[in-house]
Amino acid sequence: MNGFAWLRRLQRRSNTWMVISVIGALVALLPSLYILIGLFQKPNENWQHIQQFMLKDYALQSLWLVLGTGTLTVMIGVTLAWLVAAYEFPLRRLFSWAFVLPLAIPPYIAAYTYGSMLSYTGSVQVFMRNVLGWAPDQKYFDIMSMKGAIFVFTMFLFPYVYLITRSFFEKQSASFIENARLLGKNPLHIFFRVVLPLSQPAIMGGVSLVAFEVLNDFGVTKHFGIQSFTTAIFTTWFGMYDVDSAIRLAAWLMSVIIGVFLIERLLRKRKKYNASTSRTSPLSRRRLRGLPAWAACGFGAVIVSLSFLIPVLQLIVWAAWTYRDVLNAKFAELLVNTLSVSALSIVALMLHAVIAANVNRTGRSLFTLVLSKLISMGYSVPGAVLSIGVLAVFISFDEQLSGVYGWLGLGEGKLVLSMSLAMLIFAYVIRFLAVGYNAVEAGFEKTGNRYTEASRLLGFGMTRTFFKVDLPLIKGAVLTGCILTFMEIVKELPLTLLLRPFNFDTLATKAYQYASDEQIHQASVPSLFIIGVGMVSVFFYHWLGEKNSQ
Amino acid sequence: MKKVTIGIILLVMASLVLMTGCGSNATNNTTENSEPNAANDAKKPEDTEGSGKEKVVNVFTARHYDVDSLLYEEFTKQTGIKVNEIKGTAEELVERLKREGESSEADLFVTVDGGVLNYAKQNDVLQPIESETVKQNVPEQWRDKDNNWVGVATRARVIVYAKDRVKPEELSTYEDLATDKWKGKLLARSSTSLYNQSLVASFVELNGEQKTEEWAKGIVNNFARGPEGGDRDQAKAIAAKVGDVAIMNTYYVGQMLNSKDAEEVKVAENIGVFFPNQDTTGTHLNISGVGLTKHTKNKENAIKLIEFLTGKEGQTILTQGSFEFPVNQAAEKPELLTAWGEFKSQQIDYAKLGDHNKKATEILNKVGWK
């Protein structure tokens, strides 16, 4: 253990956490900074055209997408979370985890699935035509529109809001709600006057993830022919071959998003709730009877059907047609690749997230706040643009390390890091840090600082307090973070496409291979694997949760 | 304190796993044909095969088709040269090649669209392919003038029509689609598609900027609905009577005819394929091609692969699998392609498409082709 003596000495200084966090954040920031520098470069001759024909309209379309999806995901996500947390009704236990499942379906796959299903040759219209003998107007099936995109995003992203708010309701809000109940307030009043204001941080955490996803999406918008801000970025890059302007656009996107969330955070900071008792008992559920019970059950059933059952059943039908051509021995390798790269990335990512969140909570200064928001930047730009930043950083690492490689006998002037899995893992970490961080931060907000402060007063150091006091308290939140990032990484596409080493295929790249060539039937097989892996992790998460609560 | 130690150990272990992960991935797949040295040999035992130098060729490809993998496997079987792939989007891969510079491990760059191939050439990431076999395999028309890239397959971007509502005699040229005759009847996908950008770029070359912009305006005016979905969705919209004619790639028709979905087959059977501009400038072709990277470390193997891809056998596998047109006339085409017969294609310098792509994109933005 002597080898760790220097570490222990470092620990004794209370700002070690801070140092680690700052270094980590800076490294994670490099690719984003590389993109942000784009703001300060002189615009080239294309900029005029971009401003005139693309910027305003495309930004407006993106705004509508975000507002529409954001509003609907909050409405659906919070309602479902509240029903599951506060009431007992038929199938509640099943729903409590089934509502997480849509996260396992990549939105672009969902878009292709719904697009095909509702098309002229899709199951819905074929059934109407051939069985019912009824051929309705095509306009009723036009899912490839703004409304359709909002529908797809809402159905497959609402679990972010649901998951984060539900865990908040269950664990933290009990005393407030029970007091309100005792004081004779009616359920609606409790929901709007007590629950919603209390859960604002959790809701914001969830909905900000939704907004990021919508803003950086290119799969759904491209397939549906919607001109979002991301379309402008890619048209500039792939159509006008102007990478610099594309990066510049991404930099604008990034700064606007970070600005908005920073303002939200600063406004929210004035309102803080700390529980006055040390008792954090779980919320006791009330039993619904009669019509309300069945209404709750029916609402849940509709959401689960639209966001999971229907698309998955459709994919299964397609898979039955094509699995013979698609499924081969290599699928096992895809599965192993997907799982191992996710596992490694999650470990690195959650460490980073926990450290950063802990520092931000205890250090509380504008500096740490800004830092904590900056590390979410990686989530706010399209993956393809971020991948340029990562590539630039890693290639320069390789150039710096050239001498070391020579000394190790690898040959000078070689690409070692940027040809390895490390680059992809690094990219995942900065990409999804926001997901892990938001979950952990919600966990910290929930427990408050009382226990930590008590522990520090009683003489424990920050590190010891963290492991003895904080970590057990936020265990659930960390686990939530792990599951969410896992589902993200399994689905991730643009980074994986460009930054992987040779011959490294994952389930997502396989699904894309078919979907990009409009072979949605073939794409169903790898997609179902992705969904399967996601389902298993949800089961596992749920099982752990049940075990803990017993 | 114990937990802290455990935490630290876990951290160290995690990073170790990470490092070894990198190590194994970084060291395999690389062979130095040009400068074999002792150090290089020393690390060989780590390599997958372990038996001396493994012969490889590293491909950056933007073609994500099963038939490509099939081709590479066949090549490995015949030559013992392993093909390593990184698949991505064409423009992104060019960016990666550019940034990797001299250190790049890529030997070949494979993609759909002549414009992008030229974009790669302009970014100085390619070098001339010196091979008589390739020159014999591929007609001059499908080769870059400096031989920085050669075509491997083409797709015709044609007009498809509803057999029950449109007579082929009514169709003539792409230009005709922009006239009032087709108001509210025309279908096409979004302008984010490279296929449409290339088509418009070819008109910029043939008809000039001014005329192309007028044409694009006419097309947008004739749309039966806003552009959405992919090429197949346009065919389906014809079947659904949303519109009567659509701009679409031939090979999707082939794929739909062979679909597992009986309804899709029905759609494909009810649309006709028309090769436009036969009396004028010819039908637009989209070209898939392969380029030799400037800093290739396995030049010999790379050229062997190009020779295989453009040879009779490779071309036959390719066209049978993807319904694209072969560039080597010796290849055995699938029946469907033979049934379509010979047609006149645009006689243009495909490198020009790359030059005009930006102009094309600007025109598409201007006229509001979504």
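Throughout, a chain's letter reflects where its sequence line sits, starting with A, and its residues are numbered from 1. On a predicted model such as this, the values are computed, not experimentally measured, just so you know.
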If I measure from the heavy atoms of chain A, does B/Gln122 come under 4.5 Å with its side chain, its backbone, both, or neither? neither

Look at B/Lys266, B/Arg225, B/Lys359, B/Glu95 and state which one has the largest set of heavy-atom pairs under 4.5 Å with chain A. B/Glu95

Would you call B/Lys87 and A/Asp505 a salt bridge, using N to O less than 4.0 angstrom? yes

Specify which of A/Thr235, A/Thr322, A/Val341, A/Val126 makes the most heavy-atom pairs with chain B at under 4.5 Å. A/Val126

Portion of A/Tyr112 that has a non-hydrogen atom of chain B nearer than 4.5 angstrom: neither

Would you name the heavy atoms of B/Leu93 and B/Thr61 that are closest together and state the gap between them? CD1-O, 3.4 Å

B/Lys297 (side chain) donor-acceptor with B/Ser104 (main chain) under 3.5 angstrom: yes

At a heavy-atom separation under 4.5 Å, does B/Asn123 approach chain A through its side chain, its backbone, both, or neither? neither

Residue part contacting chain A, namely of B/Tyr65, when any heavy atom lies under 4.5 Å: both

Please flag which part of A/Tyr514 lies under 4.5 Å from any non-hydrogen atom of chain B: side chain, backbone, both or neither. side chain

Proximal component of B/Ser191, with respect to chain A [non-hydrogen, under 4.5 Å]: neither

Is there a donor-acceptor contact under 3.5 Å from the side chain of B/Ser198 to the main chain of B/Tyr195? no

Under a plain distance cut-off of 3.5 Å, with no hydrogens placed, do A/Ser245 and A/Asn44 share a side-chain donor-acceptor pair? yes

Please classify the contact between B/Glu92 and chain A as side chain, backbone, both or neither, with a heavy-atom cut-off of under 4.5 Å. both

Quick one: what part of A/Asp242 sits under 4.5 Å from any heavy atom of chain B, side chain, backbone, both or neither? neither

Chain B contact via A/Phe224 - which portion, at a heavy-atom distance below 4.5 Å: backbone

Atom CD in B/Glu362, atom CG in A/Asn46: separation rounded to 0.5 Å? 6.0 Å

Is a side-chain donor-acceptor pair under 3.5 Å present for B/Glu105 with B/Asn84? no

What option among A/Leu471, A/Thr509, A/Asp142, A/Thr496 has the most heavy-atom pairs under 4.5 Å with chain B? A/Asp142

Are A/Ser123 and A/Gln314 linked by a side-chain donor-acceptor pair shorter than 3.5 Å? yes

Side-chain donor-acceptor pair present, B/Arg232, B/Tyr252, cut-off under 3.5 Å: no

Heavy-atom cut-off 4.5 Å, strictly under: side chain, backbone, both or neither for A/Asn130 against chain B? side chain

Answer with side chain, backbone, both or neither: which region of B/Arg63 has an atom nearer than 4.5 Å to a non-hydrogen atom of chain A? neither

With a 4.5 angstrom heavy-atom cut-off, which part of B/Tyr72 approaches chain A: side chain, backbone, both or neither? neither

d(B/Arg96 CZ, B/Glu91 CD) to nearest 0.5 Å is 16.0 Å

If the test is ring-ring contact (aromatic ring centres under 6.0 Å, His included), which one of A/Tyr241, A/Phe238, A/Trp237 qualifies with B/Tyr119? A/Tyr241

Evaluate the side-chain proximity of B/Leu364 to B/Gln197: yes if any heavy-atom separation is below 4.5 Å, no if none is. yes

Residue from A/Lys222, A/Arg129, A/Arg500 scoring the most non-hydrogen pairs under 4.5 Å with chain B is A/Arg500

Counting heavy-atom pairs under 4.5 angstrom with chain A, the leader among B/Pro227, B/Ala239, B/Ala360 is B/Ala239

Heavy-atom pairs under 4.5 Å with chain A are the metric here; pick the option from B/Lys370, B/Lys241, B/Arg189 that has the most. B/Lys370

Between B/Glu264 and B/Lys236, is the closest basic N to carboxylate O distance under 4.0 Å? yes

Which of B/Gly230, B/Gly88, B/Ser190 touches chain A most, by non-hydrogen pairs under 4.5 Å: B/Gly230

So for A/Thr231, is it side chain, backbone, both, or neither that comes closer than 4.5 Å to the heavy atoms of chain B? side chain

Heavy-atom pairs under 4.5 Å with chain A, option from B/Val83, B/Val94, B/Asp66 with the top count: B/Asp66

Tell me, side chain or backbone of B/Val116 under 4.5 Å from chain A's heavy atoms, or both, or neither? both

Could you tell me which portion of A/Leu499 (side chain, backbone, both or neither) has an atom closer than 4.5 angstrom to a non-hydrogen atom of chain B? backbone

If one checks every heavy atom of A/His521 against chain B at 4.5 Å, the contacting part turns out to be side chain

Does any part of the side chain of A/Ser228, heavy atoms only, come nearer than 4.5 Å to the side chain of A/Tyr58, both counted from C-beta? no

Given the options A/Tyr512, A/Phe394, A/Phe234, which has more heavy-atom pairs under 4.5 Å with chain B than any of the others? A/Tyr512

Report yes or no: is the cationic atom of B/Arg155 (NZ for Lys, CZ for Arg) under 6.0 Å from the centre of the six-membered ring of B/Phe323, at an angle within 45° of the ring normal? no

Please flag which part of A/Asp398 lies under 4.5 Å from any non-hydrogen atom of chain B: side chain, backbone, both or neither. neither

